[in-house]
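Remarks on the structure that follows.
Not measured: the values here are computed from a predicted model. Below, chains carry the letters A, B, ... as their sequence lines are ordered, and counting in each starts from 1.
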Amino acid sequence: MDKRLLIGKHFWLGDVACAEGAIAAGCNFFAGYPITPASEIAERMAKRLPEVGGVFVQMEDELASISAVIGASWAGAKAMTATSGPGFSLMQEGIGYAYMTETPCVIVNVMRVGPSTGQATKGAQGDVMQARWGTHGDHMGVTLCPNSAQEMFDYTIKAFNIAEMLRIPVILLSDGVIGHIMEPVTVPDRVEIVERKKPSQGDTMFFGLEDVAPMPEFGEGFNVLVTGSTHNERGIRHTTDPEVHRRMINAIVRKVLKRRDEVTFVEKYRFGEGVDVAFISYGCTSRAVYEAVRILEGKGVDVSFLRLITMWPFPDELTRELGECAKVIIVPEMNLGQVSNEVKKYVCPSKVYGLHRIGGGEIPRPGEIAKFALEVLKSG
Amino acid sequence: MAEHPLHKYLRMEVMPHVFCPGCGAGIVANCFLRAVYELGYEDLSKFAFCSGIGCAAWIPSPFFKADSLHIMHGRSIPAAMGIKLMKPELKVVVFGGDGDIAGIGGNHLLHAARRNLEILVIMVNNMVYGMTGGQVAPTTPFGAYTTTTPYGNIEYPIKAAEVVATAGASYVARWTVYHTRRLINSIKKALNTEGFSFIEVVSTCFTSYGRRMGFKSPAEMIVWLKENSIPISEYKKNPEKYAGKIPVGEIECTPREGYVKRVWKMIHELSAKSS
């Protein structure tokens, strides 16, 4: 276990911290395909995984990567892949398969400027909605947005634990800035690790149960049928019966929502106090908001801040509470309004102002954010 | 009544099967299970099956009483790779159609052969996209009429087995559903050959292909397969003369160390060094 946990203080790239978090969480299978700005995760895994008895494989493309991850997961592995926008798009069908078949795995998306090849070396936050709705059909998953190298480590561990607890694909939605930032990271001397629920001998139902179903491993003698077609609790295909489909999809959505509190992580600043301005932000952009808050407070403005670490399921209740206590809500983000539009579902839309910045990997600067807030307050 | 010797490998509770009358999938399933039986396996617990989308993908899922992963269209080979890497002790077998394996999943096929990944891929080549109603496939003969080549196919079919052999597979063979005894022996050999094994089985899809090509019955199609196939050794003597024929037989048989073995060798060497 020692080699899995490099206890102590390090100066790590965000991507490296992510790889180390995975290894600390017990990851023993990684399949990936090179892509900027996520390649350093694969490079670190290529070196480190074999040292700790795990398998690293560079696949021929992202379709193969997610498929190998799914196969490995059913063979008992804690499996992960890492990519960026174009690769994340290619993986969507596989991510849907993982929801449908309740296959635990972790998918890291280090977001870059899109659509298409976009600006490959520049960070962005344009995949928030793709992380939620990128695959077809109804489903519910968990997406986490770290904002530092330390959180790349911490939340990769959480991503694995949630994946194992809920039998879902968990998306770690990072961005090119956080993936490529170099910062101090502290590795504690022990981390909490969650293992998937295993079936007992004689069990035959492995899907869509009231609670998270036990997951057998290939080669254990359970004769498990895994299919992405609509199936019943035993894995038998039912491709025309609407009742079976409703029952199974309700189950895979319900199991996540039931444990919503356990998978909702946020950072709150002066939450629930009556304020002039409330910020909602996430990922690299939230780093600029910390400073904007200080600037505004220096000018005597009352400010609160909700930083979303869990992006999906969206922290709707917290957003509603924040909205009730603030005159205006400002959402700075590096896209054209993916989260600000989501926020408008839960608070009075006329109170919500998006500060949108795309291209070149530019993060809205603290001074701009503060200025924007003051202008909004004046016009409001 | 005595139980059929192959019933022990089947999930009888999901019978009857779903294949159309005249489909070759049942013959392929039969040959595979006979090979397993003749090799002395009591059950399929030492196997894991993987398949994508298409009629042939339904051979193991749900009919085989075994662990099986019925994954996305074209992705059975990389999924099988994930299983094999984590459970090298299992015999991992992929079933798929020509569209699944050589069409949408063709790139994975190439790279599995290049790596010499220790799995067996059985490609049931019915020369058409059968499940979706008979559209042209990468294996459809030149000139054939399908629902998406109403004026005749103007593309040439891929010689999948030859491509896989060139890409580096240990064992490659092609048979048809007429050649059942040879196919059984070939599957037995493939299951015990180190490295990547690939068997192409030219099959019959009467519903979506045969009847449109003018065959009067599935049996007539099987007779056509018999009369149009030629031993590969004979074919090689004069490929021009035998153009349009189906070369059958072993194309490659050179057992070599496979990818998964190399991966675990590296891991064990590293852990021995560090301890």
Checking heavy atoms, do the side chain of L85(B), its backbone, both or neither come under 4.5 Å from chain A? both
ring-ring contact (aromatic ring centres under 6.0 Å, His included) partner of F63(B), chosen from Y9(B), F19(B), F32(B): F19(B)
For chain B, which residues of residues 88-97 of chain A have heavy atoms nearer than 4.5 angstrom: E93(A), G94(A), Y97(A)
Between R4(A) and E51(A), is there a salt bridge with N-O shorter than 4.0 Å? no
Identify which one of S76(B), S51(B), P60(B) satisfies the side chain to side chain contact (heavy atoms under 4.5 Å, CB included) criterion when paired with V94(B). S76(B)
Side chain, backbone, both or neither: which part of L225(A) has a heavy atom under 4.5 Å from chain B? both
E20(A) and R44(A) ion-paired at < 4.0 Å: yes
Are the side chain of K46(B) and the backbone N or O of Y41(B) linked by a donor-acceptor pair below 3.5 Å? no
Below 4.5 Å from any heavy atom of chain B, which atoms of V57(A) appear? Answer side chain, backbone, both or neither. both
Using non-hydrogen atoms only, which part of R114(B) is less than 4.5 Å away from chain A: side chain, backbone, both, or neither? neither
So for Y259(B), is it side chain, backbone, both, or neither that comes closer than 4.5 Å to the heavy atoms of chain A? side chain
Given a strict heavy-atom distance threshold of 4.5 Å, which part of D61(A) is in contact with chain B: side chain, backbone, both, or neither? side chain
Below 4.5 Å, heavy-atom pairs only: which of A75(A), S73(A), S67(A), G235(A) has the largest tally toward chain B? S67(A)
Check each atom of H111(B) against the heavy atoms of chain A and say whether the ones under 4.5 Å are side chain, backbone, both or neither. side chain
So which part of A31(A) gets closer than 4.5 Å to some heavy atom of chain B, the side chain, the backbone, both or neither? neither
